[in-house]
Structure formats: structure tokens, C-alpha cells
> 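Take a look at the following structure, please.
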Amino acid sequence: MDRTKTQLEIKGQIERITFYNDENGYTIAKMRVQERRDLITVVGTMYSVSPGEVLRVKGYWDNHPKYGEQLRITSYETLLPATSKGIEKYLGSGMIKGIGPVMARRLVARFKEDTLRVIEEDIDRLKEVEGIGEKRIEMIKNAWEEQKEIRDVMIFLQGNGISPAYAVKIYRHYGNDSIKVVRENPYRLAMDIFGIGFKTADKIAEKMGIPRDSQIRSEAGIMHILHELSDDGHVYYPYEPLIERCCETLEVEEDRIPIALDAVLREGKIIIDDKFIDKEKDKDQRSKAVYLAKYHISETGIAKRLKRLLSTPKQMRLINIDDAIVWVQRFLKIGFSSKQLEAVKDAIHSKVMVITGGPGTGKTTIIKAIINIYKKMGQRVLLAAPTGRAAKRMTEATGHEAKTIHRLLEYSPNNGQFKKNEDNSLDGDLIIIDEASMIDTIMMYHLLKAVKIHTTLIFVGDADQLPSVGPGNTLKDIIDSGYIPTVRLNEIFRQSKESMIIVNAHRVNNGEMPYIKKGNNKNEDFFFIEIEEPEEVVKYIVYLCREAVPMRFGFDPVDDIQVLTPMHKGLSGVANLNKELQQALNPGGVELVRAGRTFRVGDKIMQIRNNYEKDVYNGDIGRIISIDQEVQEVCVDFDRRLVTYEFLELDEIILAYAISVHKSQGSEYPVIIMPVLTQHYMLLQRNLIYTGITRGKRLVFIVGTKKAMAIAIRNNKPLSRFTLLRERLSRD
């Protein structure tokens, strides 16, 4: 008989984990067994096993050509360790929040082999150990109970292909109903659990025997695809193309999708709108618009509220506008251009208006003038911007407090609602919103709901930048509708003409190649370094960040320099650049590896989803200041505000030495470095390059080829987004 294929059962203690895949639970570990002097190697799918844990395993011996004899596990059962040494290793592995290696040593020194029984049956006795108080006991108690309860859930989820990291999230979301929910409808996971997509849920459903042509799968697939399309910026999607896309993605017959669409329509999850269809011209109804319900409510609500605002007269005493203009110019010691003059006058007599223009065209000067005139009249003025950085910049530029829109609307994490709404309006006579191009459809709706009917509302922004990260193109749609008064600033002021960053931003926006000065003048602020090979581009970017810019110009390589890139993948994409820059700028120190990603104390990170409970939002940038293995928490400094993440929440943050151009919106950085290569051709667009350049305050470095730059500048047809806000404003 072949010994290597004979099933056997052994009992042993895990000494160390050599390898663990967070996604599928595949583990390579060293195990101590009584009948063997040396440690044996065990391999197989084992979820969340820890050093010190005792296992009863079944499996067979296998001879690996490179690593030698290994026991391949077919099944296992977890047993609690019995020896003091085993208990110490078990508790010190980090599996119980609140107990790390040091605390495990103290516990075992006090309670010996009785330690686990004390935790289980008489946990208050832990006070006998130095460094343990009520708060720590509560933390250990909760973690111990959760660890026990989650084992049953994990065994079920493991059998259906769910990784342990997600198993914990599922348990925390559904609690003891976890198994029931997954059995009834595994597709709920894709909607409810951050990080679990439709594909993962689909694999689970398949393992559970749910047919591919089932109604439940088609309904879930439609919702997934509509959410995916909204991630691409679409507020709705045309009916027939949506059916085609669903059939292709779900690999089902076409007749299944309309039936499923009707079902989710009846449930109120989607809305189908044909109001703007010319029934004669569009007989096949390709333009019938399919919305996720919240986007239809928001888009129609925006149009309705803007029209209501604009049709209601101002409640403000009449003033002599010419006198006000003379006064504010004298007060601010400035002189207005003709366009600035038009903007200030419109701001005094209009109810709703837009001021748009590129860098250096005087938007900030106009904002300051409008604020001072309104305050002189005794009006209450509120200022806001979509991001914390943009709000801070607005505060510094105007001398008046600006808030993020979330803080202005007083978001409450307790109930997931904004306290400021149609029943509790914002207490302001004038509201000015800066960086308005960043406002997506949902946020615009929430903002407008909270604006009083007699309030004056002014949007300020650059309509030529990339649209919002979220669905919609609200500022551009508002301008293009022709319904809202708009002043477009196009004159660059004298002091701004001295900056090649501003000059070149406008050249790019006008379809011209940037002007590149010859020479090596330290006073220059715009540089184009021509390098063709992606490998060399990456090396040069690292050199600029680590050596050239800090040494020559005195900027901090992490806080002051931001690398922007059009792509996520590839050598010059976000992922690889972050890996290279982390190694170059923060190579050592305390670190944590989660799901193949390495985080270190001192790392620059970015939040990638809105987390209202933590009051951090998609695009916020911070620095990791501590990693606590014992409490299993990472502390991040977001502009002097400390936010803690449990290890299980770390899929919400990514390294941010390099970020996408889209994620940079609303922010300015002292130094911008941006690769522009022909490998990016699918994403090379004029407004992307323009947005990237305008993020730089002091220095901009473009590293790449003139050919790639020319491709981008010629491409002035940005990817269109399906929205109907313009039509609702102009034709509704």
C-alpha cells in the first residue's frame, strides 16, 4: 500500500504559521506531535488557526519535490491547548483582541494550565494580573465570546468557499442569523458586506446548488450591474443595452432579464423612466432609462429644488450694487476685471448661480468679495466644499470658516441620516459651495434638501475638470442646461501668468501642448522629463520623490509630494508605484501584512469608501501613526484627527504615495509628479491631464513621452455618463 495516500488521524499543536492566504484559507504550518522529534509540515485549508492551537487533523502524507514530506489535511477539528506553553502561544498569537504576547505571558504566569478556564468561567479574576482593568476585561470577554460563536459560522461558511476575513465581517453584520441569511440568499452578501462582490457571492451560490438561470440570481445580477455602472459614473443606463449587458455578464437567455427587471421594479429597487423619449423616433425604447431608485429620486429632486429656489424671490434689502462694488474693491484693495464684475453683480441679484473657471482666473477673489458684501448687509453666510482639504483651503483663502458638506449637513452616524434636511434647514442667507465639480448626484440632492427657499446659493468650480468620483456630472449638467445663471471666467491674471503650472493648465485645456522652458532654472515650476520605458519612468519617479525634489527644493517626500497616475494596474499604475515608493520612503519599522498588503507605521494611506461612523470619506489622506497587535488596531492621523481601524477594517484603506488622478479631485499638493505614457492610451483624456496639472501648487513634474501627452490633449471626448439632469432642468 502507498503510505503517502493512506488516511490517518493525528493530534498536535500548531507552532508557527509559515504561509496563510486570507482569501481562501490555504495554510502551511509547522505542527508539534508527540510521536515525532521534529516539527511536521501540514498544508491545507484551515481557517484562522493560530500558533498554540491544538488540532485533531485527518489527512495523508505527500512528498513535495521541493519542500519534502508534508501532511495534506482533508479535515480538522480545533481543540483547546492543555499545557502552559501551548496556552501562552495560543493566547499570544493575536486571536483574542486585548491579549498580545506580553499579556499572554502574564496570564499564564498567574493561572498556569487553568488560564483558559478562568477566561471562560471566572473572567473577573483577570484583574489579579497587572495591566488588566475593567475596560480590558470587557474587550477580552467580547472577543472570547465572538471567537467561540464564530467558529460554527466559519465551519459553515468555509464549506461554501468564504474566506475567514469575510466570515468575521458576515458574522458581525448578521450575528447569529449569518447561516440563515447565506442559506436563503447568498447574493445579499454582495449588497451588505463591503469587499464581497457579486462574483464571490455567485461562487457561494453555485456551491450551494442555486441554478445559474434562477430568478434570484438574475435579480441579484441586475442590481450588481446597475451598481457597477454607477461606480463608472452613470446615474441611469438605457434599457436595451442594460439587458444586453446583463445577458452577457450573467450568461443567461435574454428572456430571463425582463422578467427579473419587472420583479425588482415591483419591489421598488429600480425605477424605469421614459419621460424624455421621443416615442416616434425611438420606437425600440433604447433610451428608456433604468435607474437604481435612489438615483432617480436624487436626480428628479435636484431639478425640482433648483427650479423652486430660482423661482422664489430673495429676501434681502435692496442695495445700490454699484456702491457695493466700489466699497468692496476699496475694502479688499483690489480691482475687478469685467468678468469678475459680472460675477459679483450676479451674485447680489441672483438666487442661484454658477461661477466657473480654471486656475488663476480669480474665483477666490470673487468669493471673498461676495462674502464681504453679504456680511456688510447683515446676511448669514455659510461656506462649504466636498472634501476636508478643499474646505480647509477655502477657510485659509477667505478668512471665513468653511466646512465639508457632510459636516455642514450634520451627518449622524447613529442613524445614517443628515440632521439638516427639508424639515431642519440650514440657517444661512447665502451658501457658497466651492469645488462644486466634485459633488455627485446623491450629495447634491441632500444639500439642496437642506437649503431654505429664500437662501441664495452659489456654486463655484472648474467645469473642465474630471467629474465627481460618484455618479453624475452635476456641475456640468447644471451649466449646460442654460437654466442656471453662469459666469465663466477665462482671463488669467498677471501674477498667475508667471506660473507655468497655470499657463500650461490653460494650454492643455485649450488643446495645446504645454510650454516647456529650456534650462535648469530653480525658479521654474513646471518640468517635463521625457522617458519612454515604463521601468525607467518608475525609477525616475522614485528618484524625484526620494532625492531630487527634497534635496533641490526642500519639500518633504511624503507630506508634500503626491504622485498621480491615470492607471491602477501596470508598472506605472497606482499599485506598483505604491509598492516601490513605500520601499523607498518608508522601508522599515513596525508593519502589518493583511491580504497580501503591507502597512507600516509612517505610511501615507487613503480611505477608499465613505465611513460615516468614523467621519472619514472616500479620498481622505492620512498617515499611520501606530499598529497595535495586541488590541488589533491601526491608528491613522487624518489632518490631526486620530481615527482607529480594527484589523478587519483595513480593506477600507490603501497606500497613497501614488493615487489615481480621479482620487485627487478637490485637493492641492505642493508637488505633483505624474507619469504620462502611451500604455495609458485607454485613459488618456484632456480633462484628466488638466485635472492632474491643476492639483499642483508649487511644482509639477510630468514624466513620460510627448506622444502620450499629445494623444491625451487631442482626446477631448471624455467618457460620457448617462444622466438626465440637464434635460430635467431645460425641458421638464
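This is a predicted model, so every value here is computed, not measured.
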> Between the side chain of Q665 and the main-chain N/O of L466, is any donor-acceptor distance below 3.5 Å?
yes
> Apply the test side chain to side chain contact (heavy atoms under 4.5 Å, CB included) to residues F198 and I196: give CA-CA distance (whole Å), side-chain angles for both, the deciding distance (0.1 Å), then the verdict.
CA-CA 7 Å; F198 176 80; I196 295 185; over 6 Å; no
> Report the distance from atom CD1 of I433 to atom CZ of F459, rounding to the nearest 0.5 Å.
6.5 Å
> Taking N504 for its side chain and Y515 for its backbone only, find out whether a donor-acceptor pair lies under 3.5 Å.
yes
> Looking at side-chain heavy atoms only, is the closest gap between M444 and L725 below 4.5 Å?
no
> Could you state the interatomic distance from CD (Q583) to CG (N578), rounded to the nearest 0.5 Å?
13.0 Å
> Using a 6.0 Å cut-off, check whether atom CD of E532 has over 12 heavy atoms from anything other than its own residue.
no
> Whether the side chain of D620 engages the backbone of Y617 through a donor-acceptor N/O pair (distance < 3.5 Å, no angle test) should be reported.
yes
> Supply the atom-to-atom distance L544 CG to R552 CZ, rounded to the nearest 0.5 angstrom.
10.5 Å
> Where do S499 and D525 come nearest, in terms of heavy atoms and distance?
OG-OD2, 2.9 Å
> Using modelled atom types and a 3.5 Å cut-off, is there a donor and acceptor pairing between side-chain atoms of R641 and backbone atoms of D615?
yes
> Is the closest side-chain heavy-atom distance between T361 and E491 below 4.5 Å?
no
> Show the nearest heavy-atom pair for residues L677 and G704, with the distance to one decimal.
CD2-CA, 3.9 Å
> Taking all non-hydrogen atoms of both residues into account, name the closest pair between P675 and S572 and its distance.
CG-O, 4.0 Å
> I442 and Y295: which non-hydrogen atoms are nearest, and at how many Å?
CG1-CE2, 3.5 Å
> Fit a plane to each ring of F701 and F527, take the angle between them on a 0 to 90° scale, and name the class: parallel (under 30°), tilted (30 to 60°) or perpendicular (over 60°).
parallel
> Quick check for you: to the nearest 0.5 Å, what is the distance between I355 atom CD1 and D462 atom CG?
13.0 Å
> Taking atom types as modelled, is there a side-chain donor on D464 or N509 under 3.5 Å from an acceptor on the other?
yes
> Between I605 and V636, is there a side-chain heavy-atom distance shorter than 4.5 Å?
yes
> Short question: side chain of T565, backbone of S660 - any donor-acceptor pair under 3.5 Å?
no
> Report yes if some heavy atom in the side chain of L585 is under 4.5 Å from a heavy atom in the side chain of K604; otherwise report no.
no
> Does atom NZ of K368 have more than 12 heavy-atom neighbours from other groups under 6.0 Å away?
no
> Which heavy atom in R686 sits nearest to a heavy atom in N716, and how many Å separate them?
NH1-ND2, 3.3 Å
> Going from CZ on R507 to CD1 on I693, what distance comes out if it is rounded to the nearest 0.5 angstrom?
11.0 Å
> Closest approach of A436 and T474, non-hydrogen atoms and distance?
O-OG1, 4.4 Å
> Spell out, as yes or no, whether a donor-acceptor pair under 3.5 Å connects the side chain of Q582 to the backbone of T598.
yes
> Is I529 close to I702 at the side-chain level, that is, under 4.5 Å between some pair of heavy atoms?
no
> Does CD belonging to E613 count more than 12 external heavy atoms closer than 6.0 Å?
no
> Could you go through K707 and T678, starting from their C-alpha distance and side-chain angles, then the distance that decides it, and tell me whether this counts as side chain to side chain contact (heavy atoms under 4.5 Å, CB included)?
CA-CA 7 Å; K707 180 181 178 182; T678 51; 4.1 Å; yes
> Have T723 and N473 got a donor and an acceptor in their side chains that come within less than 3.5 Å?
no
> Taking the basic N atoms (NZ, or NE/NH1/NH2) and the acidic carboxylate oxygens, is any pair closer than 4.0 Å for E649 and K614?
yes
> Take atom NZ of K476 as the centre, draw a 6.0 Å sphere, and report whether it contains more than 12 heavy atoms from other residues, nucleotides or ligands.
no
> Does I405 reach the side chain of M443, with side-chain heavy atoms less than 4.5 Å apart?
yes
> What's the spacing between I672 CD1 and R698 CZ if we round to 0.5 Å?
13.5 Å
> Given K539 and E580, is the salt bridge (charged side-chain N to carboxylate O under 4.0 Å, His left out) satisfied, shown in steps?
CA-CA 9 Å; K539 285 180 185 176; E580 296 291 336; over 6 Å; no
> Before giving the answer on side chain to side chain contact (heavy atoms under 4.5 Å, CB included), spell out for Y645 and E652 the whole-Å C-alpha distance, their side-chain angles and the decisive distance to 0.1 Å.
CA-CA 9 Å; Y645 294 80; E652 293 189 15; 4.1 Å; yes
> I'd like to check L650 versus I653 (side-chain heavy atoms, cut-off strictly below 4.5 Å). Are they in contact?
yes
> Could you walk me through whether I624 and V634 satisfy the side chain to side chain contact (heavy atoms under 4.5 Å, CB included) test, starting with their C-alpha distance in whole Å, then the side-chain angles of each, then the deciding distance to 0.1 Å, before giving a yes or no?
CA-CA 7 Å; I624 294 176; V634 172; 3.9 Å; yes
> State whether E668 and R389 are salt-bridged, where the test is any N-O pair (Lys NZ or Arg NE/NH1/NH2 against Asp/Glu carboxylate O) under 4.0 Å.
no
> Between T395 and A402 (side chain of the first, backbone of the second, donor and acceptor by atom type, cut-off under 3.5 Å), is there such a pair?
yes
> Could you go through residues 223-235 and list every donor-acceptor pair under 3.5 Å that involves a side-chain atom there, pairing it with any protein atom two or more places apart or in another chain?
unit_1: H227; atom_1: ND1; unit_2: M223; atom_2: O; d: 2.9
unit_1: S230; atom_1: OG; unit_2: H227; atom_2: O; d: 2.6
unit_1: H234; atom_1: ND1; unit_2: F722; atom_2: N; d: 3.0

> Knowing that exactly one of D603, D637, D559 qualifies, which makes a salt bridge (charged side-chain N to carboxylate O under 4.0 Å, His left out) with R623?
D559
> Do the numbers put K697 on top of the ring of Y669, so that NZ or CZ is under 6.0 Å from the six-membered ring centre and no more than 45° off the axis?
no
> Indicate yes or no for a side-chain donor-acceptor contact from D556 to the backbone of V558 under 3.5 Å, with no hydrogens or angles considered.
yes
> Answer whether the closest heavy-atom distance between the side chains of I673 and L564 falls below 4.5 Å.
no
> Look at the side chain of N576 and the backbone N and O of L571, then say whether any donor-acceptor pair between them is shorter than 3.5 Å.
yes
> Is it true that a side-chain atom of D434 and a backbone atom of M394 form a donor plus acceptor pair closer than 3.5 Å?
no
> Check the orientation of Y411 and H406. Use parallel for under 30°, tilted for 30 to 60°, and perpendicular for over 60°.
perpendicular
